[in-house]
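In what follows, a single structure is set out as structure tokens and then discussed.
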Amino acid sequence: MKNRIPYNPSLIEPKWQKKWKDSKIYTVDLDSKDKKNYFSLTMFPYPSGDLHIGHWYAFTPADSYSRFKKMKGFNVLHTQGFDAFGLPAENAAISRNINPMKWTFDNIDNMRGQFNLMGNSYDWTRELITCTPEYYKWNQFFFLKMYEKGIAYRKNGAVWWDPIDQTTLANEQVVEGKSERSGADVVRKMMPQWYFKITDYAEELLEMDDLGWPEKIKHMQRNWIGKSLGTDVDFKLQKGNKIISTFTTRVDTIFGVTFIVLAPEHDLINEVTTEEHKEKVKNYIKNSAKSSEIERTSTEREKTGQFTGGYAINPMNNKKIPIFIGDYVLGTYGTGAVMGVPAHDQRDYEFAKKYELPVDVVISKDGKITNDLKKANESYGILVNSQNFDGLDSEKAKKSITDFMEKNRFGKGTVTYHLRDWLISRQRYWGTPIPIFYDENENIIPVDINELPVVLPEAKEFMPTGQSPLTLDEEFLWFDHPKYGKLRRETDTMDTFVDSSWYHLRFASDESSKVDPFNKERLKNWLPVHQYTGGAEHAVMHLLYARFFNKVLRDLGFVDFDEPYQNLYNQGVLLKDHQKISKRSNPLAPDPLVKEFGADAVRLYLMFLGPWDQGGDWSDDAFNGITRWLNRVWDISTRDTDELISNDENNKDFEILINSTVKKVSEDFERFKFNTSISTLMEYTNSLSKIWNAGCNNDLWKESIIILIKLLSPMAPHITEELWGLNGQEFSVHNQEFPSWDDQLISTDTKTIVVQVNGKVRSQFDIEGTKSEEEIFEMASNNEKVQENLTGKEIIKKIYVKDKLVNFVVR
RNA sequence: GCCGAGGUGGUGGAAUGGUAGACACGAAGGACUUAAAAUCCUUUGCCUUAGGGCGUGCGAGUUCGACUCUCGCCCUCGGCACCA
């Protein structure tokens with residue numbers, strides 16, 4: 001017996017990591033044409049300084065999938081980088097007086113080492129760090145191109161303000177009235193800010209039919225964009241000739257309007273308010289500004305308002321209707337004014353009851369009028385009390401009334417979106433400087449594209465004051481322009497979501513170019529990203545922004561495809577012992593686990609936990625199962641075949657086992673079902689143990705081991721590389737072709753037929769070769785167990801599923 | 001409130017119209033050991049009068065046959081929410 005080496009991951013893992021690096025096996029030739037290209041990308045991390053288990057859960061299955069694709073014959077680009085701008089660096093600077101650049105780069109160095117422990121297949125020569133001028137220069141470049149086209153613009157308006165982080169936020173970054181990042185209750189502020197005109201692309205962003213994305217994400221994006229078809233109806237003021245435009249999706253209820261409500265921010269409030277109501281209206285506006293946005297948008301809250309003293313005229317019937325202001329109407333949606341139809345809108349109903357306004361029913365289920373409403377009837381029906389539109393159903397009435405209004409020029413069909421333009425200004429330091437100057441009259445003067453990058457200067461003061469820290473840097477702030485003289489620089493920086501909106505393009509493009517952001521030829525060969533993976537929390541932020549950016553870059557002529565990510569897969573959330581993983585209460589750090597059990601075991605266990613998209617529940621106990629199995633894999637793959645008892649009787653079954661295992665593992669990989677591909681491999685090794693004990697053909701055994709190593713190699717790269725060598729194979733297993741299977745070798749001559757009586761399993765038997773249906777019924781009914789259940793009963797139906805099952809239906 | 005995903009042994013999960021519980025954990029028993037650990041073997045859904053009966057959140061339905069399809073309800077998680 002040979003002296004066998006035990007499995008020692010802490011010895012072999014660093015060895016192979018070094019060898020892979022030295023031999024550059026993961027460096028991709030972007031211009032190679034001999035294979036089909038496959039770009040496998042996973043959302044890059046923020047360099048927090050620690051690669052935690054959640055990162056492993058996101059990255060290792062994606063790495064395994066990329067390795068699988070490589071073995072399947074693709075030229076795979078799998079890259080990694082760091083989303084390196086953002087507040088934590090700045091907060092570290094504030095609390096610990098560390099330079100944000102140094103903090104970030106120290107963290108990156110540390111994380112690279114942690115990434116290395118994973119045994120990844122990233123092409124690190126293509127690493128990106130977004131806080132470097134070589135990278136963010138292109139943010140500025142795109143910004144200026146977008147400014148030229150009017151897609152980037154500056155506007156003074158109401159914005160969301162995060163009082164903890166002391167900066168404005170985009171709509172998408174406000175969740176339930178709180179800052180998505182800091183959790184602070186956001187407030188409204190009026191300030192001039194820079195925006196990207198994402199609303200111009202609202203309609204195109206809704207087109208997602210061809211995207212291989214989870215329906216859930218598409219759904220969330222559609223909801224966020226929030227398209228709704230309706231009608232703008234113009235109400236003339238009773239006094240003067242100004243017009244209040246209201247947006248409604250239910251223009252069929254126009255004859256039921258009994259009041260109008262304006263948002264407290266509405267432009268015409270001063271116009272409509274009469275002298276005697278001025279004071280009350282002013283107070284109402286003041287109070288509603290005081291109440292937080294959460295209070296204002298709570299559905300539970302009682303509706304409040306204030307009569308303005310003014311009246312408007314319903315253009316359809318010339319009725320005089322009172323104008324209120326009320327903060328249940330949002331200034332940011334539609335026209336900021338609504339027509340109140342209490343009979344057919346629950347919110348308007350509540351408002352009407354409170355202020356004792358009439359409730360006029362104009363829609364009825366059966367054409368008859370019922371007046372004792374307990375709540376609004378919001379369903380469609382037949383129009384009543386609606387002059388010559390009486391009798392029409394809601395659907396038709398909407399169209400006819402809108403047509404009528406368009407003809408008479410007091411209304412028109414419109415489309416409204418929930419989506420707002422993307423506010424990108426941030427009053428913080430650690431981000432891309434917005435490349436803009438202002439002259440003394442606040443005129444905007446864009447930085448010359450040839451002068452890019454506008455380098456973010458080293459700052460001394462980071463305290464968030466509501467003004468960008470760059471304001472304090474006099475040297476940065478003032479610029480002597482050859483043409484315009486003394487100019488003030490924009491001191492706000494860009495939202496970091498700008499950085500991640502196009503990074504995938506940069507991974508595949510020529511990073512050496514100083515003139516163009518991308519190498520078009522390479523983009524053509526590598527994009528869109530074939531497979532993107534990451535968390536669902538980015539559904540309406542990163543994933544929407546990146547789609548928008550792609551369309552803008554297409555219209556600017558930089559890319560010639562419509563979507564950035566062809567296929568998307570969302571991993572679930574990893575728990576530990578049914579709880580959220582947190583550093584304090586139930587920590588789960590990968591580094592010590594790797595030290596003790598090896599990266600392969602951690603990788604495998606993360607994939608074995610359950611289906612990747614549904615998340616998983618880590619338990620230290622269950623983790624033992626994987627380390628035990630890896631030891632068995634090691635044991636079985638290092639046996640001395642001289643000790644194998646030769647036996648050719650089970651050759652056929654052995655071949656079936658090998659082929660069906662290859663098939664199942666391959667198919668599971670394609671579907672991201674890593675958990676079942678591992679359990680299939682476990683069954684395979686269990687069978688191999690039994691086969692060894694029974695004795696088998698020596699060549700088949702050797703083949704079965706080579707196949708085991710190959711099948712396992714994408715998921716457990718280190719142990720398989722070692723076993724590959726120990727089995728006399730040339731470096732590297734990761735450059736091998738993934739095994740293929742022969743369907744012919746899987747189908748057996750022997751089939752097991754299950755016999756049911758009334759759908760209950762009573763027996764089973766084996767058949768050889770092909771048998772006729774008659775023969776099968778014959779064999780089935782002769783079975784002793786089946787007989788017991790058939791005697792004294794009448795067979796009324798016989799079901800036969802070929803090679804599988806017989807069912808006797810008896811009475 | 002609306003939309004989406006899900007609910008299967010003691011636990012993680014498998015099976016997407018055809019033998020429910022693969023695989024793994026845990027547990028029990030055994031082998032090896034002075035002993036323990038490790039490893040290996042056996043058993044392991046529940047009830048049981050030992051012949052069976054019951055069983056995939058609950059209740060109906062479709063079907064020869066339902067974890068799987070349909071309808072209603074309950075619960076958990078995620079998203080959206082005064083969007084006119």
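Naming convention: chains lettered A, B, ... in sequence-line order (proteins, then strands); numbering from 1 in each chain. Keep in mind that the numbers below use all heavy atoms, side chains included, and drop hydrogens, waters and symmetry copies.
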>> Ignoring hydrogens and geometry beyond distance, is a side-chain donor-acceptor pair present between T258(A) and D360(A) at under 3.5 Å?
In response: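 Their side chains do not contain a donor-acceptor pair, so the 3.5 Å distance test is not met.
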
> Want to know the stems of RNA chain B: at least 3 consecutive Watson-Crick or G-U pairs with distances under 3.5 Å, which are they?
Replying inline: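 Looking at RNA chain B, the stems formed by three or more consecutive pairs are B:1-7 with B:74-80, B:10-12 with B:23-25, B:26-31 with B:39-44, B:45-47 with B:52-54, B:57-61 with B:69-73.
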
> Counting any heavy atom closer than 4.0 Å, what does R222(A) reach on the DNA or RNA strands: base, sugar-phosphate only, or nothing?
Replying inline: nothing

>> Students often get this wrong, so: under 4.0 angstrom with heavy atoms, is R762(A) touching a base, only sugar-phosphate, or nothing?
In response: sugar-phosphate

>> Could you check whether K798(A) makes a cation-pi contact with F808(A), meaning its NZ or CZ is under 6.0 Å from the centre of the six-membered ring and within 45° of the ring axis?
In response: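 No, cation not above the ring by the 6.0 Å, 45° rule.
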
> Roughly how far apart, to the nearest Å, are A14(B) and G59(B) at atom C1'?
Replying inline: 27 Å

>> Can you check the distance between U68(B) and C80(B), where both ends of the measurement are the P atom (answer in whole Å)?
In response: 31 Å

Protein-nucleotides 5-12 of chain B N/O pairs under 3.5 Å:
unit_1	atom_1	unit_2	atom_2	d
G12(B)	O2'	L609(A)	O	2.8

> Taking O4'-C1'-N9-C4 for purines and O4'-C1'-N1-C2 for pyrimidines, is G9(B) syn (within 90° of 0) or anti?
Replying inline: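 Classified syn.
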
For nucleotides 16-19 of chain B, give me every protein contact, N/O to N/O, under 3.5 Å, one pair per line with atom names.
unit_1	atom_1	unit_2	atom_2	d
G18(B)	N2	Q756(A)	OE1	3.4
U19(B)	O2	Q764(A)	OE1	3.4
U19(B)	N3	Q764(A)	OE1	3.4

> For RNA chain B, whose closest nucleotide is more 5', that of N758(A) or that of G615(A)?
Replying inline: G615(A)

> Nearest of C82(B), A24(B), A84(B) to any side-chain atom of K303(A)?
Replying inline: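 In terms of side-chain proximity for K303(A), the closest of C82(B), A24(B), A84(B) is C82(B).
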
